[in-house]
**Student:** 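Have a look at the structure that comes next, please.
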Amino acid sequence: MKPLTKHSYFEGNRGPVLTVIMDGVGLGLKAEGNAVYEAYTPTLDRLMSEYPCVTLRAHGVAVGLPSDDDMGNSEVGHNALGSGQVFAQGAKLVSNSIASGKLFESDSWKHAVGDVKSNGSTLHFLGLFSDGNVHSHIDHLKAMIEHAKEDGVPHVRIHILLDGRDVGETSALDYVTPFEDFIGKLRSDDFDIKIASGGGRMNITMDRYEANWDMVKRGWECHVMGEGRQFASATEAIETYRKEYGVIDQDLPAFVIAENGVPVGTINDGDAVIYFNFRGDRALEISRAFEGDESFDKFDRVKVPKVFYAGMLQYDGDLHIPKNYLVSPPEISNTMGEYLANTGVRSYAISETQKYGHVTYFWNGNRSLKFSEELEEFVEIKSDVVPFEQRPWMKCAEITDALIEAMRSGKWDYYRVNFPNGDMVGHTGNYEATRCSLEALDLQLKRLIDVIDELGGVALITADHGNSDEMYERDKKTHEIKHDKDGNPKPKTSHTLNLVPCIIYDNKFADRYTVKPDEGKFGLSNVAATMVNLLGYDAPDIWDASMIEIK
């Protein structure tokens with residue numbers, strides 16, 4: 001790869017050049033339920049009214065997803081932001097691989113099926129149980145189950161992680177009930193299939209960035225060892241927990257399905273396990289637990305069955321986790337991080353634990369390692385391990401403290417930061433907490449732009465997808481808010497299909513370029529070229545075009 005070429009007559013900003021990602025802050029209807037609109041955010045309001053602001057597409061085909069009915073997410077959003085290109089992403093890759101039959105011809109599928117057939121053992125499927133299409137899709141699971149029966153697999157067990165985050169917050173039974181009917185029709189004397197365990201995705205198994213290994217431990221005890229409260233069915237577990245705990249699906253405790261007091265689906269020697277999530281961040285830790293040797297020390301696994309383990313994709317190409325996978329992940333190359341490192345540009349990335357991997361791993365094309373130890377600095381502010389609605393400001397002030405110190409040091413040329421507030425708190429469905437989170441973020445934006453002015457720099461302020469901009473469920477045709485049986489607005493905990501803002505804040509060099517007209521064509525992938533232009537370089541031809549025209 002050649003280094004970037006300096007622009008022929010624009011030297012770029014000599015002060016810090018900063019990309020701010022307001023995670024989950026989209027542009028929704030200016031109406032009730034839009035926490036972004038209804039929060040007190042004088043700084044964001046001023047930026048959007050007084051500075052160049054275009055809208056970006058952050059969902060669907062603009063970020064490599066199968067269709068524009070697919071909401072964006074932080075993973076694909078940061079891939080696009082950091083690479084300057086659009087790559088076919090996990091959901092599309094898996095769907096295509098299933099449709100073509102390539103998944104079932106893969107070495108990993110054949111190995112898993114061959115093992116359980118020769119051992120007379122069990123093929124286990126573990127993953128997020130919904131059609132949210134952000135981490136997984138239930139149709140992928142169904143296709144694999146049907147093929148497992150065709151291939152002569154004798155026993156199948158499914159371990160379901162309930163969603164309530166990328167889909168309706170209490171929609172679990174909308175998936176469980178028809179799925180029970182689906183597997184009931186497949187069940188036969190020579191095909192033994194059952195749901196074996198489960199729990200909410202934010203309670204068990206699906207931790208990320210090592211924020212809370214206890215979640216993975218609870219999942220391990222439930223799925224592998226069959227330890228936990230027993231129920232006759234997943235339906236019974238969900239209905240019972242809802243009455244007792246009053247929490248939404250993502251927070252439901254672990255449960256074990258048992259018959260006569262015996263768990264129906266522990267994971268044992270000779271079994272095979274397929275983790276059917278295609279997204280990597282919440283798949284890495286459980287994969288490490290299955291593949292880790294005796295040096296694994298994150299929790300006491302007690303029982304470590306000798307199984308063949310495979311992921312839907314390989315979740316970390318640098319660390320080769322997991323070793324076995326069904327579908328090859330997207331090969332994201334020629335990223336902004338690599339170009340900047342090859343050019344000698346010093347880069348600084350920061351967020352708190354919940355989004356640290358997004359400004360590092362996903363930004364750099366699903367690469368966990370740095371391109372240059374000398375030129376790149378990655379800073380993680382440890383997240384609190386508490387429900388986000390209880391501390392909706394999260395770590396935005398501490399992130400800003402560290403970022404301002406770094407900018408004033410002058411050690412780096414390019415900076416990027418993710419503030420998780422709008423997304424992580426938005427996922428709780430708590431409207432007031434989400435408004436609070438955005439107001440806390442707004443205070444930090446004011447601090448940052450003041451320092452940008454002090455140092456003569458420029459900031460591009462955007463988001464990776466929407467979330468907090470649509471906190472209530474709305475009718476798709478009328479846009480009217482949906483209500484529950486008590487007349488309360490139904491909370492929406494998933495991402496949105498809305499556009500996101502992109503503001504260029506520059507009080508020093510703005511006369512040297514113009515921002516191109518907003519014609520609805522820009523997406524997140526246009527950000528990388530814009531940033532290198534602001535640094536004084538020409539963008540590579542393979543990237544999507546810059547949003548500015550240098551005079």
Side-chain angles (χ1 to χ4, degrees), residues 59-80 86-113 123-151 153 156 158-161 163 165-167 175 179 182 201 205-206 208 272-284 286-287 308-317 320-332 361-362 365-366 494-495:
H59 72 284
V61 296
V63 287
L65 297 173
S67 77
D68 284 336
D69 291 329
D70 296 309
M71 57 192 169
N73 61 70
S74 296
E75 175 193 27
V76 300
H78 285 77
N79 280 166
V86 178
F87 291 87
Q89 290 290 340
K92 187 173 184 178
L93 292 172
V94 174
S95 295
N96 290 346
S97 184
I98 289 173
S100 68
K102 288 183 179 179
L103 184 150
F104 306 112
E105 293 300 316
S106 68
D107 291 341
S108 292
W109 177 264
K110 291 180 177 179
H111 194 156
V113 168
L123 176 59
H124 298 264
F125 293 100
L126 166 63
L128 186 63
F129 192 71
S130 79
D131 58 1
N133 217 31
V134 174
H135 291 266
S136 67
H137 199 295
I138 196 169
D139 286 351
H140 299 161
L141 171 63
K142 289 180 176 179
M144 289 189 293
I145 289 172
E146 289 176 329
H147 214 282
K149 181 173 183 177
E150 292 176 14
D151 285 346
V153 170
V156 169
I158 305 103
H159 306 265
I160 60 175
L161 301 173
D163 196 340
R165 190 176 178 91
D166 297 327
V167 294
Y175 301 100
F179 186 77
F182 166 76
R201 59 178 283 183
T205 312
M206 280 181 61
R208 67 177 176 193
V273 179
I274 291 175
Y275 193 77
F276 62 85
N277 284 17
F278 47 72
R279 175 167 156 173
D281 54 348
R282 294 191 182 275
L284 284 167
I286 189 64
S287 296
F308 178 79
Y309 178 83
M312 184 67 89
L313 275 73
Q314 186 167 66
Y315 306 123
D316 190 318
H320 305 293
I321 301 173
K323 293 187 289 290
N324 306 297
Y325 50 95
L326 303 177
V327 179
S328 296
E331 295 181 7
I332 299 176
Y361 171 81
F362 289 121
N366 302 344
S494 65
H495 297 168

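The model shown is predicted, which means the values in this text are computed figures rather than measured ones. FYI, the numbering just counts along the sequence from 1.
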**Student:** Is a side-chain donor or acceptor of N277 paired with a backbone partner of L128 at a separation under 3.5 angstrom?
**Tutor:** yes
**Student:** Could I get the full list of salt bridge (Lys or Arg N to Asp or Glu O under 4.0 Å) partners for K142, not counting sequence neighbours?
**Tutor:** none
**Student:** Do H78 side-chain atoms and S74 backbone N/O form a donor-acceptor pair below 3.5 Å?
**Tutor:** yes
**Student:** Would you say that D281 contacts E75 through its side chain, given a criterion of any heavy-atom pair below 4.5 Å between the two side chains?
**Tutor:** no
**Student:** List the residues meeting side-chain contact (heavy atoms from CB on, under 4.5 Å) with A62, not counting sequence neighbours, and say none if there are none.
**Tutor:** R57
**Student:** Using side-chain hydrogen bond (donor to acceptor under 3.5 Å, both in side chains) as the criterion, list what pairs up with D131, not counting sequence neighbours.
**Tutor:** Y175
**Student:** Sequence neighbours excluded, which residues qualify as salt bridge (Lys or Arg N to Asp or Glu O under 4.0 Å) partners of D166?
**Tutor:** R201
**Student:** In chain order, what residues pass the ring pair (Phe, Tyr, Trp, His ring centres under 6.0 Å) check against Y309, with sequence neighbours excluded?
**Tutor:** F290
**Student:** Tell me, please, which residues at least two apart from S97 pass side-chain contact (heavy atoms from CB on, under 4.5 Å).
**Tutor:** K102, L103, V327
**Student:** List in chain and number order the residues that pass side-chain hydrogen bond (donor to acceptor under 3.5 Å, both in side chains) with D151, two or more places apart in sequence or in another chain; answer none if no residue qualifies.
**Tutor:** W109, H147
**Student:** List the residues meeting side-chain hydrogen bond (donor to acceptor under 3.5 Å, both in side chains) with R282, not counting sequence neighbours, and say none if there are none.
**Tutor:** none
**Student:** Under the side-chain contact (heavy atoms from CB on, under 4.5 Å) test, which residues partner P66, sequence neighbours left out?
**Tutor:** D70, A91, K92, N133
**Student:** With sequence neighbours left out, what residues match H59 under ring pair (Phe, Tyr, Trp, His ring centres under 6.0 Å)?
**Tutor:** none
**Student:** By side-chain contact (heavy atoms from CB on, under 4.5 Å), which residues pair with V86, not counting sequence neighbours?
**Tutor:** S525, D544
**Student:** Using a 3.5 Å distance criterion without hydrogens, assess whether the side chain of H495 forms a donor-acceptor pair with backbone atoms of G72.
**Tutor:** yes
**Student:** Can you sort out the partners of E105 under salt bridge (Lys or Arg N to Asp or Glu O under 4.0 Å), two or more places apart, ordered by chain and number?
**Tutor:** K110
**Student:** Please check if the number of heavy atoms outside D68 that lie under 6.0 Å from its CG is greater than 12.
**Tutor:** yes
